[in-house]
Amino acid sequence: MGMNSEELASASVAFDLAARLVQCEPDQTWIIQCVQADAFSESPFGGDDPAVRGGLELLSSWCSNVQDPCIAANEAARDWLRLFAGVGTPEAPIVESVYTEPNSTMFGRSTIAVHREYARWGLEFERSGKEPDDALGLMLAFCAHLMREQVRGIQENDTASAGAAATALEQFLAQHMLPWVSAWRFLVNEHAKTDYYRGVGDLVFGLERALAAHFGIAFNESDGTFAYRAD
C-alpha cells in the first residue's frame, strides 16, 4: 500500500525526529524545547501503531514531570550515554552490524553496504566517520531523505524517480533496519533508567513497524521478526 505525498512528508518529519532522538545527546536546551512545545503530544506518522502511541505517552509523561531542565537533561544524557554511546560497551547498541554480523563486530559488511547505498543517492552524512554508517540515527535520517525524494518525484510527475526512491526505501528498511529493531527495543526497555528513553525505544520501533506495513511487511509478536504477508 503506497503513500501519497502528504503521508510521505509527514513520515519524513517523524523519522527525522526519531533520528535526532537516538543520535544526539540531549541537553538542557533540547529538553526545554521539548517541554515548551509539547513535542510528543502526537506523531505526524504512525499514530495507529500501539508502540508509537505508547512511546509518545512515555515521552510526554516524562516531559510533564520535568521541574528542573538542567537536572532532567543530565539524567537523560546519562541514559543516552549508557544505552547508545557507552563507556565501554553500550547497553543497547544502535549499530546494525552489532546485531547482524557473526561476531557482533562494528564496521562490518553491513556498514559497507549501507555506505554504498548512501553514496548511490549522493549522500555523505555530517557525522559519518564519527560513527559507523549503519548507526540507527543515520539510517532513520536516510529513510526520511528517501521519503522526500519520493515526494519530489511525485510533485514533478517523475514516476521513475518516485518509484526508484520508494523501492530503495522498502529494500533499505527490509534489509538493514527491520531485522534488528525488535532486539534493540528489547535492550532499551531492559536497560533504560528513564521513561524518556523507554519512550524513544517504543517510538522508533513503532515508526519502523508502521512504515513496514505500507510495504506489506508484518511483525510477528511471537518471535519478534518481520516478514512479508502471504496475501
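Because the structure is predicted, anything quoted here is derived from the model rather than measured.
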Distance (rounded to the nearest 0.5 Å) between Thr111 OG1 and Arg116 CZ: 11.5 Å

Residues which pass salt bridge (charged side-chain N to carboxylate O under 4.0 Å, His left out) with Arg152, listed by chain and number, not counting sequence neighbours: Glu149, Glu156

Minimum heavy-atom distance Met139-His176, with the two atoms named: CE-O, 3.6 Å

Straight-line distance of Leu140 CG to His145 NE2, nearest 0.5 Å: 14.5 Å

Where Ser10 and Pro44 come nearest, the two heavy atoms and their spacing: CB-O, 3.2 Å

Heavy-atom closest pair, residues Ala76 and Tyr196: CB-CD2, 4.5 Å

CA sep, side-chain torsions, deciding dist, call: Arg185, Asp202, side chain to side chain contact (heavy atoms under 4.5 Å, CB included): CA-CA 7 Å; Arg185 177 201 191 191; Asp202 285 352; 3.0 Å; yes

Whether Gln150 side chain and Ser5 backbone form a donor-acceptor pair below 3.5 Å: no

Salt bridge (charged side-chain N to carboxylate O under 4.0 Å, His left out) contacts in which one or both residues fall within residues 50-67, not counting sequence neighbours: none

Over 12 foreign heavy atoms within 6.0 Å of CG, Asn189: yes

Close side-chain approach of Ser41 to Asp38, heavy-atom, < 4.5 Å: yes

Sub-4.5 Å side-chain heavy-atom contact between Pro90 and Arg82: no

Non-neighbouring partners of Phe45 that pass ring-ring contact (aromatic ring centres under 6.0 Å, His included), sequence neighbours left out: His214

Side chains of Asp133 and Tyr118 in contact at under 4.5 Å (non-hydrogen atoms): yes

Side chain to side chain contact (heavy atoms under 4.5 Å, CB included) assessment of Ile154 paired with Leu8: CA-CA 10 Å; Ile154 292 171; Leu8 286 163; 3.9 Å; yes

Student check: side-chain heavy atoms of Phe84 and Tyr197 closer than 4.5 Å: yes

Test item: side-chain donor near acceptor, Asn220 and Ser222, under 3.5 Å: yes

Joint hydrophobic cluster, Met147 plus Val13, side-chain heavy atoms closer than 4.5 Å: no

Heavy-atom check, side chain of Leu169 versus side chain of Leu211, under 4.5 Å: yes

Non-hydrogen side-chain atoms of Ile217 and Arg229 separated by less than 4.5 Å: no

Would you mind writing out the side-chain donor-acceptor pairs for residues 161-168 within the sub-3.5 Å range, not counting sequence neighbours?
| from | atom 1 | to | atom 2 | distance (Å) |
| --- | --- | --- | --- | --- |
| Ser161 | OG | Asp158 | OD1 | 3.3 |
| Ser161 | OG | Asp158 | OD2 | 2.7 |
| Thr167 | OG1 | Gly163 | O | 3.0 |

Residues in ring-ring contact (aromatic ring centres under 6.0 Å, His included) contact with Phe219, at least two apart in sequence or another chain: Phe205, Phe226

Heavy-atom pair of closest approach, residues Ala77 and Glu25: CB-OE2, 3.5 Å

Separation between CZ of Arg109 and OG of Ser97, rounded to the nearest 0.5 Å: 10.0 Å

Residues Asp49, Arg209: salt bridge by 4.0 Å N-O rule: yes

Value rounded to 0.5 Å, distance of CD in Gln36 from SG in Cys63: 11.0 Å

Closest contact, heavy atoms only, Ala51 versus Gly206: CB-CA, 3.8 Å

Heavy-atom check, side chain of Phe40 versus side chain of Leu17, under 4.5 Å: yes

Polar contact flag, side-chain donor to acceptor under 3.5 angstrom, Ser61-Asp195: no

Pair Tyr228 + Phe215: ring centers closer than 6.0 Å: no

Between CD on residue Glu208 and CG on residue Leu173, distance to nearest 0.5 Å: 6.0 Å

Any donor-acceptor N/O pair, Glu7 side chain to Asn4 backbone, under 3.5 Å: yes

Single hit among Phe15, Phe142, Trp121 for ring pair (Phe, Tyr, Trp, His ring centres under 6.0 Å) with Phe172: Phe142

Pairwise distance CD(Glu91) to NZ(Lys193) - rounded to 0.5 angstrom: 7.0 Å

Residues in ring-ring contact (aromatic ring centres under 6.0 Å, His included) contact with Trp30, at least two apart in sequence or another chain: none

Test log, rule side chain to side chain contact (heavy atoms under 4.5 Å, CB included), inputs Val204 and Leu21: CA-CA 9 Å; Val204 171; Leu21 290 171; 5.8 Å; no

Worked verdict on Asp27 versus Thr29 for side-chain hydrogen bond (donor to acceptor under 3.5 Å, both in side chains): CA-CA 6 Å; Asp27 58 19; Thr29 300; 4.5 Å; no

same_hphob_cluster(Tyr99, Leu83) at 4.5 Å side-chain heavy-atom cutoff: yes

Within-4.5 Å side-chain heavy-atom neighbours: Val22 and Trp184: yes

Criterion side-chain contact (heavy atoms from CB on, under 4.5 Å) against Ile94, the qualifying member of Leu138, Val188, Leu136, Leu187: Leu136

Minimum heavy-atom distance Leu56-Ser43, with the two atoms named: CD1-N, 3.5 Å

Lys/Arg-Asp/Glu bridge criterion (N-O < 4.0 Å) met for Arg148, Asp16: yes

Stepwise side chain to side chain contact (heavy atoms under 4.5 Å, CB included) test for Ser182 and Thr225: CA-CA 7 Å; Ser182 180; Thr225 62; over 6 Å; no

ILVMFWY cluster, Phe186 and Val200 together (side-chain gap under 4.5 Å): yes

